[in-house]
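Worksheet: one structure, shown below.
Starting from 1, each residue takes its place in the sequence as its number. Read the numbers this way: they start at 1 and go in the same order the structure lists the ligands and their atoms. Note that the structure is predicted; figures quoted are calculated from it, not measured.
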Amino acid sequence: MFLLKKMSLCVIAVAIATAGVAQKKTIDQKVDSVLKLMTLDEKIGQMNQYNGDWDATGPITKDGDKQNQIKKGMLGSMLNVTGVAHTKTLQEIAMQSRLKIPLLFGQDVIHGYRTIFPLPLAEAASWDLPLIEKSARIAAVEASAAGVHWTFAPMVDIARDPRWGRVMEGAGEDTYLGSLIAAARVKGFQGKGLGNTDAVMACVKHFAAYGAAVGGRDYNSVDMSLRQLNEVYLPPYKAAVEAGAATVMNSFNDVNGIPATANHYLLRTLLKGQWNFKGFVVSDWGSVGEMINHGYAKDNYDAAMLAANAGCDMDMESRSYIQHLAKLVKEGKVKMSVIDDAVKRILHKKFEMGLFDDPYKFCNTTREQQQWNNVENITASREMAKHSIVLLKNDAVNGAPLLPLSKHSKTIALVGPLVKAIRENLGFWSYSWPDDTARIVTLWQGMQNKISNDSKLLYAKGCNINDQNKDGFEEAVNIAKQADVVVLSVGEAPDMTGEAKSRSNLHLPGVQEALIQAIAATGKPVILLISAGRPLVFNDAADHVSSIMYTWWLGTQAGNAIADVLFGDYNPSARLPVSFPRSEGQIPVYYNHYSTGRPAKNDSDVNYVSAYIDELNSPKYYFGYGLSYTQFQYGAITLSKTNLKGNETLQASVEVTNTGNADGEETVQLYIRDIIGSVVRPVKELKGFKKVWLQKGAHQTITFNITVNDLKFYNDALQYNWEPGAFQVMIGRNAGDVQTVNINWSR
Ligand code: NOJ
């Protein structure tokens, strides 16, 4: 008996080794040869993922037996295990299992690993796809050097509701921009392809429509027409899949009554069917078991059956699969072919990653050290941060715009709870490292790095972020009075946005608005810096200060990047990827809404039209909005023709001239409206944009090539096509500032 067991183990070892190294075998063949050796329990083990014991990003299940379970082949993957030492320890245990199938280590590397970059929403404000791709690339290089195989990013959920705390993690409200950014991030994470030691698997999330949670309340339901789902919410996931994303994570919410975790339409019909996705699907944390709370599954047994059959391949932290799938298979409720398909998908990725050849491929301490303080990465983070800062206002003071500041002969008062904040700069979904204090550049430090000897910085905190104490106001006002100009740094606390961080009140927390008023009352010119993970409401401040920069959370180099922009070493170029509401009651406010049967003629029209009697319809700041230290003048739109047919291409051009006093970058935006459709169409939709850097005085003609692909939409029968007729072509600075011309397009 013993001999027999020993012999069969030898055969297995040879088979696995051969599966790993044979040159001529395709990955599919290698996967098949491993699958043949696996027991049902081992297969189910591959579909099981646990949290590690070091960190947690969800409710923890106490479970002291993980190592033993790894040894028994009951685990395919772990999350929240990082660092070469930890990953190596656990991988060594996996190598003691019967089949020695390597573990996959997944991690939320959302906007950087060691070097933290701006929040994803902030990066989206750059509209700079190569920079965004580079940010993801660097995150992958650093994370992979620390043993991570797989990032749970990008999050590509379209979000029209800033109450939802996770708006920070995506690319904002627009489908077109969101899809381009989704693809850029996937390419960045996966680099030259899986199998390279610096590539991590991307995980597109949260499939699907998580960003449309009712009321902006996290984990809430999503109810929308299939047309809306297909047209507005699904394209970014599809773009990410087409860019080669290795994995997909499903979402906590139900979509039209069916939890996404067990949503056959989403997972089998669309993702694995029409979109031909070959990777694997992981549940969100506990989302298989949570179908009991949804009232969709009776118990964990039922939940495992529903999720597995619908196409969810791996169970993150519910323990529903490991406990119930074997019985479900034996009772014929889940077919062996369903299990085999899931396991094949998972093994395929492990082969692609090269883990069968070398399970310790990502466990190289030298590489980990090299990436620990990589100066190039830090420089790139500063670059990305500069490009993410949105200049919202820059009024003239004494006849000239307040910004940029001079580095000479000034006394600058730095006031506010975030001036000397350190870790806050990293925002939600970032890592704490022991040397954070030395490494993160605060606003205070960034300003000091920049000013000349003849300038002086003063400081007063004024108040905390989120309490009612005004004791610091007096000192802050006194400091302001001594200065030529005040830089006032306020915002949310970083953990006010992110998972489970929905807010019903989007005003600046605590007494910060009162602090702004007190400082503005001194009559000194005020530059307001607002740090947040979402659009906030700050009308009063917006009306009473001269300049406003929206700085989001910018990461490790925040202070340097802000100072670069304040002093004009970088001319701000970012544009809002999301509309900013005037009040919470206006939400959702987004630019690509429908016209309605009673559209308001303008913001003051309330005469039996679709409007509020106590609030304007327009947002405070439009999607696409952002200022520069220079001005760009737009010439009239010229068209190659106004009547088009079928597959012709329309050239729409505009001449843009830098008429101001600085070199700068403009983001020229193209929107289209289909005037009459078989279903109603949005008042405008972004269909293109071009970033152009112009020296002062220079001009350039920007041309967009428009084809019928830009006119397509989902009709009532969910067919994606265009309809002939009249269209408006709009080109401009933002969704609220465009020129419009009319065209006709016939078949
Ligand atoms: C829950 C979050 O929704 C998801 O985005 C994240 O990847 C997992 N937890 C793992 O941390």
Side-chain angles (χ1 to χ4, degrees), residues 48-61 75-82 104-113 119-121 136 139-140 143 148-159 164-171 182 185-186 189 200-213 216-222 236-237 240 245-255 259-261 263 279-291 293-294 307 312-319 427-432 495 497-502 533:
N48 185 31
Q49 185 191 53
Y50 288 163
N51 189 58
D53 289 328
W54 289 277
D55 199 4
T57 48
I60 302 171
T61 308
L75 264 182
S77 170
M78 297 193 86
L79 74 150
N80 290 328
V81 181
T82 57
L104 275 177
F105 296 108
Q107 188 78 12
D108 291 289
V109 181
I110 307 296
H111 54 114
Y113 178 73
L119 296 184
L121 185 63
V148 175
H149 304 144
W150 179 19
T151 176
F152 302 129
M155 186 197 101
V156 305
D157 305 323
I158 293 296
W164 189 53
R166 299 197 79 169
V167 66
M168 52 125 319
E169 210 180 324
R185 289 197 163 126
V186 169
F189 288 131
V200 296
M201 294 198 296
C203 183
V204 187
K205 69 189 191 185
H206 305 82
F207 196 61
Y210 184 35
R217 214 180 68 218
D218 210 1
Y219 313 120
N220 207 358
S221 291
V222 169
Y237 307 103
T247 70
V248 169
M249 183 187 292
N250 51 38
S251 54
F252 287 121
N253 54 284
D254 70 276
V255 179
T261 305
N263 199 307
F280 69 88
V281 176
V282 62
S283 80
D284 203 342
W285 182 301
S287 71
V288 176
E290 286 172 17
M291 289 196 293
N293 294 341
H294 274 285
C312 174
D313 304 308
M314 187 181 277
D315 170 4
M316 180 195 291
E317 269 292 325
S318 282
R319 288 157 170 74
F428 203 83
W429 287 124
S430 47
Y431 298 92
S432 297
D495 62 356
T497 41
E499 186 180 346
K501 302 290 183 285
S502 295

At under 4.0 Å between heavy atoms, is it the side chain or the backbone of [X] that contacts ligand 1, or both, or neither?
| X | answer |
| --- | --- |
| Q49 | neither |
| L79 | side chain |
| M155 | neither |

Show me which atoms of ligand 1 lie under 4.0 Å from any heavy atom of [X].
| X | value |
| --- | --- |
| K205 | 4 (C), 5 (O), 6 (C), 7 (O) |
| F152 | 7 (O) |
| R166 | 2 (C), 3 (O), 4 (C), 5 (O) |
| D284 | 1 (C), 2 (C), 3 (O), 4 (C), 6 (C), 8 (C), 9 (N) |
| M249 | 4 (C), 7 (O) |

Side-chain donor-acceptor pair present, S502, D218, cut-off under 3.5 Å: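 The answer is no; no qualifying pair exists.
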Minimal non-hydrogen separation, [X] against [Y], with atom names:
| X | Y | answer |
| --- | --- | --- |
| A213 | R217 | CB-O, 3.3 Å |
| P120 | E169 | CB-O, 3.3 Å |
| A139 | V109 | CB-CG1, 3.8 Å |

Donor-acceptor under 3.5 Å (H206 side chain, D157 main chain):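 Answer holds: no.
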Heteroatom distance test (W285, ligand 1): nitrogen or oxygen, under 3.5 angstrom: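 No: no nitrogen or oxygen of W285 is under 3.5 Å from one in ligand 1.
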Any N/O pair N80/ligand 1 closer than 3.5 Å: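 By distance alone, the answer is no.
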E499 and K501 ion-paired at < 4.0 Å: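 Salt bridge absent between E499 and K501.
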Option of least heavy-atom distance to atom 5 (O) of ligand 1 (set: E169, H206, E499):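 Result: the heavy atom closest to atom 5 (O) of ligand 1 is in H206.
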Among V200, L79, N80, the one residue meeting side-chain contact (heavy atoms from CB on, under 4.5 Å) with Q107: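 Looking at V200, L79, N80, the match for Q107 under the side-chain contact (heavy atoms from CB on, under 4.5 Å) is N80.
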W285-F152 aromatic ring centre distance below 6.0 Å: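 Ring-ring flag for W285/F152: false, centres at least 6.0 Å apart.
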For atom 6 (C) of ligand 1, the protein heavy atom that lies nearest, with its residue and separation: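 That would be D108 OD1, 3.2 Å.
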